[in-house]
**Student:** 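Structure below; questions to follow.
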Amino acid sequence: MPKILSVKQLYAADTATVKKNDISFIDLMEHVGTLCFQWIHDRLQGDPITIQIFCGTGNNGGDGLVIARHLKQYGYNVKTHIINCGNDRSEVFLKNYDRLKEIGVWAEMITCESELPAVSENDMVVDAIFGLGLSRKPENLIKKVIEHINGSNAFVLSIDFPSGLYAEKSVTDTVSVVKAYHTLTFQTPKLAFLLPENRYYTKTWEVLDIGLDAEYIYNAKTDNYLLYKQDIKPMYRFREKFSHKGEFGHAVIIGGSYGKMGAVTLSTKAAISIGSGLVTAHIPQCGYQIIQTSVPEIMVEVDAENEMQKFDININATVIGIGVGMGTHIETVKGFTEFLNKNKVPLVLDADALNIISKNKELLKLVPENSVLTPHPKEFERLVGKWKNDYDKLKKLRSLSKKHKIIIVLKGAYSAIAHEGALFFNSTGNPALSTAGSGDVLTGIITGLIAQNYHPFEAAKMGVYLHGKTSELAMKTKVYETFIASDIIDYLSSAIMDLLMKEPKVVPQKEAESKNDKKAKPDEGTEMYI
Ligand SMILES: NC(=O)C1=CN([C@@H]2O[C@H](COP(=O)(O)OP(=O)(O)OC[C@H]3O[C@@H](n4cnc5c(N)ncnc54)[C@H](O)[C@@H]3O)[C@@H](O)[C@H]2O)[C@H](O)CC1
Ligand SMILES: [K+]
């Protein structure tokens, strides 16, 4: 499972790699810079546009100089700038400065006195000012250069990090961060890219495998992971020939109120569609006909007339998903509290179940261990109070899940699943999922998976992954705006098929060319997150 490593660990991985392979750091930088050059060359294919490379004087700047040298040697139109920002110059930066001179290229020094180089919107900017080593907010000349780059409208490719973005803490001066179109980050995903507060600093990003020591990375301890297909696929359970519906559990969805029966419709339909053996909707009477006609595959138990009050479930439920469209009527709150006091069944709590708990926090103690909570950020804020920034939010997420031994799915781009103090970020999905009822479907999917005896932690990870995947697969025929919550359910089969499908073998372009093969598409061989 791809680990998100800390800055300290990444530096230690460098050291381990250099030591183990008996190479010097300059060799590692040459390798890294060459990979970045190859990435650019694969896409530009000799295009004569102007490439403006802005370098700091640390190792990120060193990477920039390696890229500049290779581009120059391949005949690209390169302008290399060094921001003369103090006396610190890393050893390998200086070495690469000399290597650039050896091929007859003198990088231009940007000083406080000099005019900033003109950057056209047709240029490509390579941002190699700061990477992992950013220790304070960029000021004075560096800030000026960053603002200059941001104002240019050029395509900006950041190396490792958009300069000015910290790896592990929040930005304090939002104008002194490069706003990249794309970032090539090294070896592991970075936590900073998964946080909504950093959404403007890079539109897309991808991880370049720079070959850091695998053993070090394997042994490195972390509390942050990014979930990919290879992490979800092994969880999937194939059905046996002689299996029958009794083996796949009974999911109950409790919720709904007058005017909000759609939520239960979507949840129950999702639960049956993901494979729960039986599904029952426990709803107010006003929704009886609606549910019976819209989801004929499921059973219905009714409660009070227009909202949930009694919560008397007469079913041997494997798991109960509760809260969608339920409302917070005073009688519903009373009934829900009594229900929690008696209930022993694992729960998936969403929407109004969470809203009621937010107003009566002691109810959390009644939630069975390993239950799954699926708040969106506003519901999470009601549960834990305001956070100072996204790092603080994640801290609150870890501690709440740990304290109550529950699994929390904090929904959003890169939904974060908290379990035993660790965070697992989802890699699938797109803005098509920002649509009414999307969360109700997720509740149904997770509930339906738990009914089939998936562990709630597995169900949360798999459910969130598949839910996100549907939106990606649907984009062959739909656009973000026309994708609605029912489409998530319609695309569940495709998402599962995609999960089980073998990845096509990727042929790196160089290899493909040398074998006189059909050319690989530029994107192949790298993973991109949009
Ligand atoms: N394992 C890897 O990922 C590899 C990464 N490489 C590249 O190296 C950089 C990290 O290099 P480092 O020299 O440690 O840091 P930076 O280049 O980001 O800059 C450090 C430099 O700048 C000074 N500084 C920090 N903040 C400021 C500021 N606001 N104003 C002025 N000066 C500042 C700091 O004191 C240092 O002197 C990584 O990101 C990759 O790009 C390797 O190429 C290979 C392996
Ligand atoms: K950078």
Side-chain angles (χ1 to χ4, degrees), residues 4-19 21 23-37 52-67 81-97 110 112 125-146 149-150 156-169 171-173 175-190 192-193 201-202 205 207-214 216-217 220:
I4 298 169
L5 297 186
S6 67
V7 172
K8 212 170 143 197
Q9 287 171 321
L10 283 163
Y11 281 127
D14 277 1
T15 312
T17 309
V18 166
K19 226 174 170 177
N21 296 292
I23 53 170
S24 61
F25 192 73
I26 187 88
D27 300 326
L28 178 60
M29 184 175 278
E30 184 65 22
H31 172 61
V32 171
T34 308
L35 286 175
C36 295
F37 153 74
Q52 308 239 25
I53 306 186
F54 288 86
C55 302
T57 53
N59 292 342
N60 195 254
D63 294 339
L65 294 178
V66 177
I67 298 168
H81 315 281
I82 293 171
I83 309 171
N84 218 359
C85 46
N87 297 323
D88 287 347
R89 281 161 177 68
S90 83
E91 205 181 305
V92 277
F93 164 85
L94 289 172
K95 215 155 192 170
N96 274 307
Y97 180 66
I110 304 178
C112 292
V125 168
V126 175
D127 152 37
I129 306 172
F130 296 121
L132 282 175
L134 182 78
S135 54
R136 55 193 187 275
K137 65 176 185 187
E139 287 175 312
N140 308 321
L141 177 63
I142 310 174
K143 181 172 173 167
K144 230 172 97 185
V145 173
I146 289 175
I149 293 172
N150 288 343
V156 180
L157 176 71
S158 283
I159 302 303
D160 208 14
F161 277 87
S163 298
L165 177 63
Y166 295 107
E168 290 166 347
K169 63 176 185 177
V171 165
T172 49
D173 180 7
V175 292
S176 62
V177 187
V178 166
K179 292 187 174 63
Y181 272 77
H182 193 64
T183 299
L184 296 178
T185 199
F186 300 152
Q187 199 63 46
T188 68
K190 307 297 186 300
F193 300 159
Y201 306 131
T202 188
W205 56 275
V207 175
L208 276 194
D209 181 352
I210 60 167
L212 294 186
D213 186 46
Y216 176 87
I217 295 173

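Starting from 1, each residue takes its place in the sequence as its number. Whatever order the structure lists them in is the order used to number ligands and atoms, beginning at 1.
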**Student:** Can you confirm, on distance only, whether ligand 1 has an N/O atom lying under 3.5 Å from any N/O atom belonging to L132?
**Tutor:**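 Yes, at least one N or O pair falls under 3.5 Å.
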**Student:** Counting backbone and side-chain atoms alike, is an N, O or S atom of F161 positioned under 3.4 Å from the K ion (ligand 2)?
**Tutor:**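 Under 3.4 Å: F161 contacts the K ion (ligand 2) through an N, O or S atom.
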**Student:** Quick one: does Y11 get a heavy atom under 4.0 Å from ligand 1?
**Tutor:**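 It does, in that a heavy atom of Y11 comes within the 4.0 Å cut-off of ligand 1.
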**Student:** Strictly under 3.4 Å, is the K ion (ligand 2) approached by any N, O or S atom of G64?
**Tutor:**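 Given the 3.4 Å cut-off, G64 does not count as a ligand of the K ion (ligand 2).
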**Student:** I'd like to know: is the K ion (ligand 2) within the 3.4 Å range of an N/O/S atom from D127, strictly under that distance?
**Tutor:**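 Here the distance criterion (N, O or S atom, under 3.4 Å) is met by D127, so yes.
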**Student:** Could you tell me whether D14 and ligand 1 have an N or O pair separated by under 3.5 Å?
**Tutor:**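 Yes, since at least one N or O of D14 sits under 3.5 Å from an N or O of ligand 1.
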**Student:** Below 3.5 angstrom, do we get any N/O pair linking G131 and ligand 1?
**Tutor:**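 For ligand 1, there is an N or O atom that lies under 3.5 Å from one belonging to G131.
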**Student:** Nearest 10°: the angle subtended at the K ion (ligand 2) by N60 OD1 and S163 OG?
**Tutor:**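 Nearest ten degrees: 100°.
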**Student:** Looking at ligand 1, does I159 have a heavy atom less than 4.0 Å from it?
**Tutor:**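 Checking ligand 1 against I159, which is what was asked, there is no heavy-atom contact under 4.0 Å.
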**Student:** So is A13 touching ligand 1 or not, going by heavy atoms under 4.0 Å?
**Tutor:**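 A13: no contact with ligand 1 (<4.0 Å).
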**Student:** Does F161 have a heavy atom less than 4.0 Å from any atom of ligand 1?
**Tutor:**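 No, F161 has no heavy atoms under 4.0 Å from ligand 1.
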**Student:** Answer yes or no as to whether an N/O/S atom of F130 is found below 3.4 Å from the K ion (ligand 2).
**Tutor:**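 Here the distance criterion (N, O or S atom, under 3.4 Å) is met by F130, so yes.
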**Student:** Is R136 close enough to touch ligand 1? Criterion: a residue heavy atom under 4.0 Å from a ligand atom.
**Tutor:**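 Per 4.0 Å heavy-atom rule, R136 contacts ligand 1.
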